[in-house]
Amino acid sequence: MIANIPYIAAMAMVVIGIYACVFRRNLIKVILGVALIESGANMFLITLGYRGLGSIAPIYTNAPATGNMTLPIPQALTLTSIVIGVAVLALMISFAVSYYKKTGTLDTRKGVLKE
Amino acid sequence: MMFMDWILHNAPVLILALPLLAAFATPLVGKLGKWPRNVFVVSVAVIVEALVIYLASDVIANGMHTYVFGAASGILLPSGYSVPVRIIFQVDAMSVFMAIISATVTLAGIVYSWAFVTDKQGQSKYYTLLLMMAVGMFGMEFTGDLFNMFVFLEILSIASCALVAFRISFSESSEGALKYMVVSAVGALFVLIAIALLYGQYNVLNLAAVGSAIQFTALDKIALVLLVSAFAMKCGAVPMHMWTPDAYSAAPAPITMVLVSASQASMYALFRIAFTLYGVSMNTGAVGWFIIILGVLSMFIGVTMALPQKDIKRLMAYHAISQSGYMLLGVGVGLATLGSSAFNEYGLTAMKGGIFHIINHAMYKGLLFLTAGAIYYRLNTRNLNKMGGLGHTMKWTAAFFIIGALAIAGIPPFNGFASKVLIYESVFRFSPLLSIIAMLVSVLTLASFVKVFHSAFMGPRLPEYEGVAKEVPWPMFVAMALLAAIVVAMGLFPNLIVDNLVTPAAQALAGRADYLNAVMGGA
Amino acid sequence: MFGPLETGAGYWTPLVWVGSMVVVVLVTLVIRGLGERTAKNTHMKGDPFMSGNPEVSKENSHVRAGNIYWGFLKAMEPYYKPLMKWHNGNVNDYVLMFIMVIAVLLLAIVLPGVF
């Protein structure tokens, strides 16, 4: 059971993020929701690296004489995903800033593009 | 000859590397002036197009290309366990088919932008982002690795969103871009979670390796659901289509055209996941019917939403949704019958129709968006209520619009009819009702474009546009003429395209074993 | 190169179709040539006939896009009203529809395996 807690935490973050995306009317909060989903996905990826308890992080100087190091692939994936996430969030927030400057509102219900 | 062999061997990576390097070199070349930069960007697009066609001719004649970065694809552990770990590009007939579409559309878009993009600032960045979009599309189409698919999907999303908001001085640009970015970011993150689920079970990310090991356990089912829904959302299937008109109408016209091709790259990913990654190991009937239902909903709701539109690009965006429905319907019927005797009777024909419709749609919808851009370029409005009488002065634009409109409505002898007749006749044997809905949607499409043609091009010359509504500059004319010529040629010789490009693509998609064996070796 | 496109249930040859269209156009031209030759091609021929009323201005005589298919849209109002309400341009609903499709597909794919 204790080993499943990271999975539960990751999925909880995804669910909270979806909640924010669907039910928050402020665009900044929607963007924060996307950021939460992204953190949940990254946490899920990292957790996958530690299946089978007892392995440690793949840092060379930290290597124990005996015992297992985890496979570094999930770490590499997470790093890539974080970098992409930074770009996505920065772009979204800059759109939000520009939108707020033009219209003076961040309410999702007040868009002009509809129907 | 050595040189040509080297080119051919490295073509999959050159097609990506060339626009990628050129994208970041464009701002530097842009310091030299407008002409050198435009010539540079156009020549890159032409070279990429030539490379894609060269690669396509070889792939269709001699079979799949597997390009492994670095050394051989696998590592062999002392225990005899071998697994592909390196980054792999797998280019089969379906991939090159999609790459031809992306390369052609990008080339037309860049030529058109030469005259269309007259903004004071950011022109070099515009071309940088446009080339990055091409990289994203080619990457999604060529990759043989699930995680790379996610990376290229995100590159494509980021570049597209930045370009949707290119005219940032309008508030609707940032609104459309923000909506598009939110939905595509959520979709891409679900793709990532699905890839993580697959990795957690099989410890590999290679598409072929996962595909040959897949068991269709409960977790695989969840991953399938996430992947199919996310890619269906990215290709604009109803009921997840609402971002499409927002983003398409806010973007500059050449970008809208490339966005159509970008959503088709997501559709390719959807088909690749359904046919190659899961294939017959999953419940093909249920997923096939899901794709068919999405397709029928897209066709019908898309076209009925297009009828009352007053913004010309919003109207065309709803038609883009509606036409994607045809592709989903055709290929969905192929998926639903996969592995049964019905597949050889009509399933393969339906798939051919759906896949043929992808290239047709990219060409005629691109042409239509370019004519909409030409109208916007001269009149500075997208509102159909303010247009009229343009046929008097913009004769060539009107002619190109007629070609595009007849093709999208499926009027013979244009290319839209050739692919639609394949879909009608094969889907009729699957379920007559679906075929009848498809024909009804074609009728409504024609009705809707009659409205656009009448309100924009017919009628008396309007005094407010006296002297403004002139014929477009030559780069825009060349881009539209290129696409119009392709539309007419594909309409007159559909059997050439179907026999040489579409049938190999459909067989590559359906023939899962070849794709898996190319990496895993043997059975 | 000029062969037919097999559709499984039939075939489609665009060149034959174009050829027959050319024949139709030729027949039409022949019939037109048999017509009355004394009719003069006057300037009045293309003018609108307004029963003696003065001709309306150019802007007003053009049927604008908003008026085309007005009757169809009016008759289909019960269909269009909910559809327009659904396309409300709210990004929350965009994400909500995505989540709902995932939920429906999850029920369709995963449930049959459970029971």
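Lettering of chains follows the sequences in order, A, B, ..., and the numbering in each one begins at 1.
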CA sep, side-chain torsions, deciding dist, call: B/Leu178, C/Val91, side chain to side chain contact (heavy atoms under 4.5 Å, CB included): CA-CA 9 Å; B/Leu178 185 55; C/Val91 72; over 6 Å; no
Listed once per pair and sorted, the ring pair (Phe, Tyr, Trp, His ring centres under 6.0 Å) pairs that draw on residues 81-109 of chain C, sequence neighbours left out: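 Ring pair (Phe, Tyr, Trp, His ring centres under 6.0 Å) check on residues 81-109 of chain C returns B/Phe190-C/Phe98, B/His241-C/Trp86, B/His241-C/His87, B/Tyr318-C/His87.
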Side chains of [X] and [Y] in contact at under 4.5 Å (non-hydrogen atoms):
{"X": "B/Pro308", "Y": "C/Met84", "result": "yes"}
{"X": "B/Pro494", "Y": "C/Trp12", "result": "yes"}
{"X": "B/Tyr424", "Y": "C/Thr7", "result": "no"}
{"X": "B/Pro239", "Y": "C/Val101", "result": "yes"}

Look at the side chain of [X] and the backbone N and O of [Y], then say whether any donor-acceptor pair between them is shorter than 3.5 Å.
{"X": "B/Asn385", "Y": "C/Gly66", "answer": "yes"}
{"X": "C/His62", "Y": "B/Gly389", "answer": "no"}
{"X": "C/Tyr80", "Y": "B/Thr304", "answer": "yes"}

Where on [X] is there a heavy atom nearer than 4.5 Å to chain C: the side chain, the backbone, both, or neither?
{"X": "B/Asp246", "answer": "side chain"}
{"X": "B/Phe417", "answer": "side chain"}
{"X": "B/Val238", "answer": "side chain"}
{"X": "B/Glu345", "answer": "neither"}
{"X": "B/Met458", "answer": "backbone"}
{"X": "B/Leu462", "answer": "side chain"}

Those residues of residues 228-236 of chain B, ordered by number, that approach chain C below 4.5 Å (heavy atom to heavy atom): B/Val228, B/Ser229, B/Ala230, B/Met233
Heavy-atom contact with chain B under 4.5 Å, split by part of [X]:
{"X": "C/Leu73", "value": "side chain"}
{"X": "C/Val18", "value": "side chain"}
{"X": "C/Leu96", "value": "neither"}

Check against side chain to side chain contact (heavy atoms under 4.5 Å, CB included), C/Ile68 and B/Ser455: CA-CA 8 Å; C/Ile68 303 175; B/Ser455 52; 4.3 Å; yes
Distance check, rounded to the nearest 0.5 Å: [X] atom [atom1] versus [Y] atom [atom2]?
{"X": "B/Phe216", "Y": "C/Ile109", "atom1": "CZ", "atom2": "CD1", "value": "6.0 Å"}
{"X": "B/Ile222", "Y": "C/Leu105", "atom1": "CD1", "atom2": "CG", "value": "11.5 Å"}
{"X": "B/Leu444", "Y": "C/Tyr69", "atom1": "CG", "atom2": "OH", "value": "9.0 Å"}

Neighbour count above 12 (heavy atom, 6.0 Å) for C/Tyr11 OH: no
Whether over 12 other heavy atoms sit under 6.0 Å from B/Tyr346 OH: yes
Worked verdict on C/Arg64 versus B/Met387 for side chain to side chain contact (heavy atoms under 4.5 Å, CB included): CA-CA 8 Å; C/Arg64 304 277 177 160; B/Met387 294 175 192; over 6 Å; no
